[in-house]
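Keep in mind that the numbers below use all heavy atoms, side chains included, and drop hydrogens, waters and symmetry copies. Order of the sequence lines fixes the chain letters, A, B, ..., with proteins taken first and strands second; residue numbering starts at 1 for each chain.
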Number of protein chains: 2
Amino acid sequence: MTQMNKQNVGPRTGCACCCDIGDRLKPDFFKALCDPTRIGLLIQLATSGEAQTVSQVAEQVPVDISVVSRHLAILRDAGILRVQRQGKEVRYSARYEGVVSTLRGMADAIEACCPSQAGRGTATGSIEAVQDES
Amino acid sequence: MTQMNKQNVGPRTGCACCCDIGDRLKPDFFKALCDPTRIGLLIQLATSGEAQTVSQVAEQVPVDISVVSRHLAILRDAGILRVQRQGKEVRYSARYEGVVSTLRGMADAIEACCPSQAGRGTATGSIEAVQDES
DNA sequence: CCATCATTTGCAGTATGACGCAAATGAACA
DNA sequence: TGTTCATTTGCGTCATACTGCAAATGATGG
């Protein structure tokens with residue numbers, strides 16, 4: 001096929017109400033959270049409440065500390081974690097507000113994009129892979 | 001290292017308020033949306049408003065129709081798309097409500113998990129990778 | 001039954017990502 | 001300056017994922 005830009009293929013953002021859905025749904029954000037280990041690190045930092053060093057985080061995880069360092073950097077680059085140096089150690093903490101607002105922003109964008117469908121059906125609870133046909 | 005279950009590594013879900021954060025943040029959901037092409041397909045179906053056949057979706061995307069079929073199946077398995085057969089063609093549509101409630105559920109879980117940090121700082125707008133130190 | 005169309009699946013090639021180990025970098029301290 | 005500790009990075013290996021092509025499956029119509 002002709003090589004086009006892989007980013008945003010065909011999201012022909014027609015109406016003004018859904019012009020930013022393509023800007024909200026960033027693959028890098030999902031890519032940062034698509035790994036189970038990284039999810040675990042985020043949960044660990046989120047439940048901890050306070051910043052933790054790379055070593056402290058690595059103690060709770062069955063992978064090498066170098067791998068943890070890389071995972072934390074990925075989450076940091078995605079804006080999910082905050083980092084601060086304290087002497088020779090680096091402390092990571094979760095950017096709750098940013099992650100929460102990012103998630104809500106995506107939800108709002110999708111909802112604004114499809115107003116005709118919003119507010120019908122079972123809109124509560126988490127989704128479960130439904131099979132409309134066996 | 002000793003081979004533990006890769007799912008949910010170390011999320012030691014201490015308090016009762018954040019006991020479900022590990023259940024909300026599912027890697028499979030993020031994995032389904034971590035590919036730019038799949039994001040494009042979701043946006044295309046979301047902005048379209050109505051169900052589209054695999055061929056219709058594939059026309060808007062510079063990849064082979066077989067690849068599109070696989071991508072749509074992945075999104076369907078993740079509960080992001082709905083499918084319905086009409087004769088010999090298959091129509092996919094976005095499960096707005098499910099995706100929106102999933103995103104909001106994750107946001108709520110994170111927020112409930114870290115109450116001490118909620119409601120401070122710039123909690124509006126999308127996140128941007130900040131570097132607390134250069 | 002056979003032909004046709006839409007979709008899915010098998011297969012192989014290539015690319016991306018996770019991982020562990022070892023070496024390098026950076027900061028504090030004697 | 002040299003040492004020590006925490007963290008990062010280079011590198012090779014292995015697993016997973018994306019892609020296109022071709023064949024198979026499934027449904028409709030002659």
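- Within 3.5 Å, a donor on the side chain of A:Arg70 pairs with an acceptor on the base of C:dG20, or the reverse.
- Residue B:Ser69 has a polar side-chain atom (N or O) positioned under 4.0 Å from OP1 or OP2 of C:dT8.
- D:dA6 atom P lies 11 Å from atom CD of A:Gln56, rounded to whole Å.
- For B:Thr37 against D:dC18, a side-chain-to-base donor-acceptor contact under 3.5 Å is absent.
- B:Arg91 and B:Gln84 share no side-chain donor-acceptor pair at under 3.5 Å.
- Look at B:His71 and you won't find any side-chain N or O under 4.0 angstrom from OP1 or OP2 of D:dA17.
- Between D:dA6 and A:Tyr92, no contact under 4.0 Å exists linking OP1 or OP2 to a side-chain N or O.
- Atom CZ of B:Arg76 is separated from atom P of C:dT9 by 8 Å (rounded to the nearest Å).
- Listed pair A:Ser66 / D:dT8 fails the phosphate criterion, with no side-chain N or O lying under 4.0 Å from OP1 or OP2.
- What you find for B:Leu81 and B:Ala94 is that their closest heavy atoms are CD2-CA, 3.8 Å.
- If you measure from atom CG of B:Leu72 to atom C1' of C:dT9, you get 15 Å, rounded to the nearest angstrom.
- In terms of position on DNA chain D, the residue among B:Ile65 and B:Gln86 whose nearest nucleotide sits closer to the 5' end is B:Ile65.
- Rounded to whole Å, atom P of D:dT16 lies 18 Å from atom CG of B:Asp35.
- Of the side-chain N and O atoms in A:Arg85, none sit less than 4.0 angstrom from OP1 or OP2 of D:dA6.
- Atoms CD (A:Glu89) and C1' (D:dT8) sit 15 Å apart, rounded to a whole Å.
- Side-chain contact of A:Gln44 with A:Gln52: a donor-acceptor pair under 3.5 Å is present, judged by distance alone.
- One can place CG of B:Asp64 at 18 Å from P of C:dA12, the figure rounded to the nearest angstrom.
- Remark: B:Glu111 does not engage B:Arg104 in a salt bridge, criterion side-chain N to carboxylate O under 4.0 Å.
- Atom CZ of A:Arg91 is separated from atom C1' of D:dA6 by 12 Å (rounded to the nearest Å).
- Atom pair A:Arg38:CZ and C:dT16:P shows a separation of 16 Å (rounding to whole Å applied).
- The A:Val54 side chain lies nearest to D:dT7 when the options are D:dT7, D:dG20, C:dT7.
- Toward the 5' end of DNA chain C, the nearer of the two residues B:Val67 and A:Lys88, judged by each one's closest nucleotide, is B:Val67.
- Classified by interplanar angle (parallel below 30°, tilted 30° to 60°, perpendicular above 60°), the ring pair A:Phe30/B:Phe30 is tilted.
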